[in-house]
Structure formats: structure tokens, C-alpha cells
Amino acid sequence: MTRIAVSTQLYADVKLEQLWAMLEKAADSRIGVEIFPEPQLTRYAPALQQAMPQLRQRTITFHGPYWGIDPCFLPPEPEAAVYEKYWRETLADAKALGAEYVVYHLYNFHFALEERQVKREAAMETLEQTRRWAAEYGVKLAIENTETSRNEGENLLTQQEFVDLAQAQTDCGVLIDIGHVACAGWDLTSLMADLRDRIVGYHLHNNDGYRDLHQPILQGVIDMEQFAAAVRSYTPNAILTLEYNPRFADDEERICADLMWLKNHGLG
């Protein structure tokens, strides 16, 4: 059975008290939490430690560290050392909370067209290293589609290249970000069908088909009815995580209504 969750990306600056208030309003202990780590903030680690008892009562996933790092920097670049530090801290926290998986981005920063091949080679090398770290901590990675451009030259991978990569990483799961799929102009249903045996989760948000806006699931071009049917057909055990822009954090009614929409469509 699918499970539903909310990403703490919604609550900028580690304002987890807003998360607890929303979850209390949603009144469903089965709703999970995806931790969006912010190790660049000194208050993040203490806030996470304080929240551990509450988090242990729910299904937990982690996003990989994002702010200020990029997998496409390799040693001896100083960014590579920061990348390893943040990732090891995140993997340790994920292990402590028994996380289902940690979401992995192949790249975080946009790049010039002439850099594409160099960035791809660096991303693949860093993926191999991060897989070894994850194995060391006993944590599963879930590789996310991070492509968000209709111009394939501005993406690291095409849809078929992402499918091929995901199928080759047999020790990793796959997380499909449906908003990214819409921005890149990929075919969501065929992507789900091709990776049905590898998908462990989804990031749910909507947009205008071009900008990665992270809007609520019913505000945009993605046909959520069609998506819900595909989830029930192809990936009935996946975790579906609302990953909204922080500007929607105060709209508890909308968040709770979207969680209920998912449940009413047999997705949680």
C-alpha cells in the first residue's frame, strides 16, 4: 500500500514547529516526514535531535543535502570536502531514524552547454562514491530525476538515459519528481511503467510545465487523476511526498486538503 508524507522543505529555516502543527491538524499518524537537511545552518542539528522522538513515530525518508553543494565537484576542489561532510552527517541521521531511503540528486547547479559532458562524468564518479558511503551506513539511496529543462542540452540526462542509469544501479531505488518530469517534457506514465520495479517514492508538486514552481498538486498542468491511476497500477507500494515551496507553509488547509485528496484516490 502506498504511503503519504510531507517534506520539511516546506518549512524554511528548520521551523519544525509548523510541521507538528500541520500534522496535528491532519490528524493521521500514518503521514510520514521527509527530512530536507540543512547542515549549513547551525540550528539544524539541534532541531533535528530535539525532534527525534516524534520523528521515530512516523515513516521517515531523507532528501540528500542540497544547499551549497553539488555532486559535480570532485576532489581536490574544496566543494568536494563540504559535500562529503554534509552527506556523511545526513547518512548518519538517516541511519539513526531508520529512514526508508535518502534521495540522491545527480546535480544541483545548472551548467553551460559546453560543460555537459564534463559534468556528467563528474556526476557519475560522485554517485559511485556516495553509493559506497551509503553502503557503509547501511542506508538506501533513491536516485531522483533532476532534469527541469525542455532543452535537452541543458539537462544532464535524457529520459531514456535516466531510465538506463536507474536500471543499472541495482543497489539503489528510484524517486520520481513529477514536477521535474513536467518541466522537462518527459512522459510521466511511460517513465513509471519503465521503472515500476525500481521506484520507491515520488515528490509531488505541480507547475506551469516550464518553471519548477513546487506548487500544490492541483495547481498546474500535471493531470493528477491520471497520475493517481498510474501509481495504483505500477507502484502501489511507493511513498508519495508533498514537496511544496515554503511560501505555502502557512496554508495548512491546502496541505491537509491535498493529503486528503491523495487518500481519497487510494494513495495512502
Side-chain angles (χ1 to χ4, degrees), residues 1-9 23 26-36 55-64 90-91 93-105 131 134-135 137-146 159 162-182 186-206 217-218 222-244 255-256 258-268:
M1 179 179 179
T2 55
R3 290 166 285 174
I4 56 177
V6 177
S7 169
T8 63
Q9 176 180 296
L23 290 174
D28 186 345
S29 62
R30 298 172 300 171
I31 297 171
V33 176
E34 181 164 289
I35 304 297
F36 190 92
L55 292 170
R56 286 194 174 98
Q57 299 175 31
R58 296 180 181 269
T59 297
I60 298 297
T61 61
F62 270 74
H63 199 292
T90 298
L91 290 168
D93 290 334
K95 179 179 180 179
L97 282 170
E100 301 271 339
Y101 53 76
V102 180
V103 178
Y104 184 81
H105 277 199
R131 287 172 61 197
Y137 287 87
V139 174
K140 185 184 187 74
L141 296 183
I143 301 173
E144 178 179 349
N145 56 305
T146 42
Q159 177 167 340
F162 178 78
V163 169
D164 293 343
L165 172 70
Q167 290 177 334
Q169 309 303 316
T170 55
D171 58 337
C172 299
V174 174
L175 182 132
I176 300 300
D177 185 305
I178 68 172
H180 294 172
V181 170
W186 289 8
D187 186 318
L188 179 56
T189 303
S190 68
L191 186 64
M192 294 168 68
D194 288 344
L195 294 174
R196 69 179 79 185
D197 296 327
R198 305 303 309 284
I199 294 171
V200 294
Y202 296 89
H203 281 164
L204 307 188
H205 51 95
N206 217 322
I217 54 174
L218 302 181
I222 300 169
D223 185 337
M224 288 301 298
E225 296 278 354
Q226 184 179 38
F227 168 71
V231 171
R232 293 193 299 268
S233 176
Y234 296 130
T235 57
N237 297 311
I239 299 174
L240 295 93
T241 302
L242 298 184
E243 192 186 52
Y244 290 175
I255 299 165
C256 290
D258 288 350
L259 291 168
M260 185 58 68
W261 188 95
L262 293 171
K263 287 190 278 188
N264 289 342
H265 285 74
L267 301 181

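A quick note: this is a predicted structure, and the numbers were derived from the prediction, not measured.
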**OP:** Before giving the answer on side-chain contact (heavy atoms from CB on, under 4.5 Å), spell out for E100 and V200 the whole-Å C-alpha distance, their side-chain angles and the decisive distance to 0.1 Å.
**Re:** CA-CA 9 Å; E100 301 271 339; V200 294; over 6 Å; no
Subject >> Heavy-atom closest pair, residues D171 and R198 >> reply: N-NH2, 4.5 Å
Original post:
Quick one: does T8's side chain have a donor or acceptor within less than 3.5 Å of a partner on F36's backbone?
Top reply: yes
Original post:
Could you give the distance from CD1 (I176) to CD1 (I143), rounded to the nearest 0.5 Å?
Top reply: 10.5 Å
Original post:
So H203 and V103, side-chain contact (heavy atoms from CB on, under 4.5 Å) or not? Walk me through it.
Top reply: CA-CA 10 Å; H203 281 164; V103 178; 4.0 Å; yes
Original post:
Looking at side-chain heavy atoms only, is the closest gap between I199 and Y234 below 4.5 Å?
Top reply: no
Subject >> Inter-residue atom distance T59.OG1 - L97.CG, 0.5 Å rounding >> reply: 12.0 Å
Original post:
Can you name the closest pair of heavy atoms from M192 and T235 and give their distance?
Top reply: CE-OG1, 4.5 Å
Subject >> Pairwise distance CG(L23) to CD(Q57) - rounded to 0.5 angstrom >> reply: 11.0 Å
**OP:** Kindly compute the distance separating CG (L259) from CG (N264), expressed to the nearest 0.5 Å.
**Re:** 11.0 Å
Original post:
Looking at G268 and I4, what are the two nearest heavy atoms and their distance?
Top reply: CA-CG2, 4.1 Å
Subject >> Pairwise distance CD(Q9) to CG(L242) - rounded to 0.5 angstrom >> reply: 11.5 Å
Subject >> Residue pair F162 / L195: nearest heavy atoms and the distance that separates them >> reply: CE2-CD1, 3.9 Å
Original post:
Nearest heavy-atom pair of V174 and A166: which atoms, and what distance?
Top reply: CG2-CB, 3.4 Å
Subject >> Distance (rounded to the nearest 0.5 Å) between H265 NE2 and K263 NZ >> reply: 14.0 Å
Original post:
Side-chain contact, heavy-atom cut-off 4.5 Å: T2 with L262?
Top reply: no
Original post:
Is there a donor-acceptor pair closer than 3.5 Å between any side-chain N or O of N145 and the backbone N or O of D177?
Top reply: yes
Subject >> Smallest separation among heavy atoms of I217 and Y244, with atom names >> reply: N-OH, 3.0 Å
Subject >> Donor-acceptor pair, side chain of R58 and main chain of I31, under 3.5 angstrom >> reply: yes
**OP:** Might you work through the side-chain contact (heavy atoms from CB on, under 4.5 Å) test for V181 and L191, ending with a clear yes or no?
**Re:** CA-CA 9 Å; V181 170; L191 186 64; 3.8 Å; yes
Original post:
Quick one: do the T61 and E34 side chains pair a donor with an acceptor below 3.5 Å?
Top reply: yes
Original post:
Any idea how H105 and H63 line up, ring-wise: parallel (<30°), tilted (30 to 60°), or perpendicular (>60°)?
Top reply: perpendicular
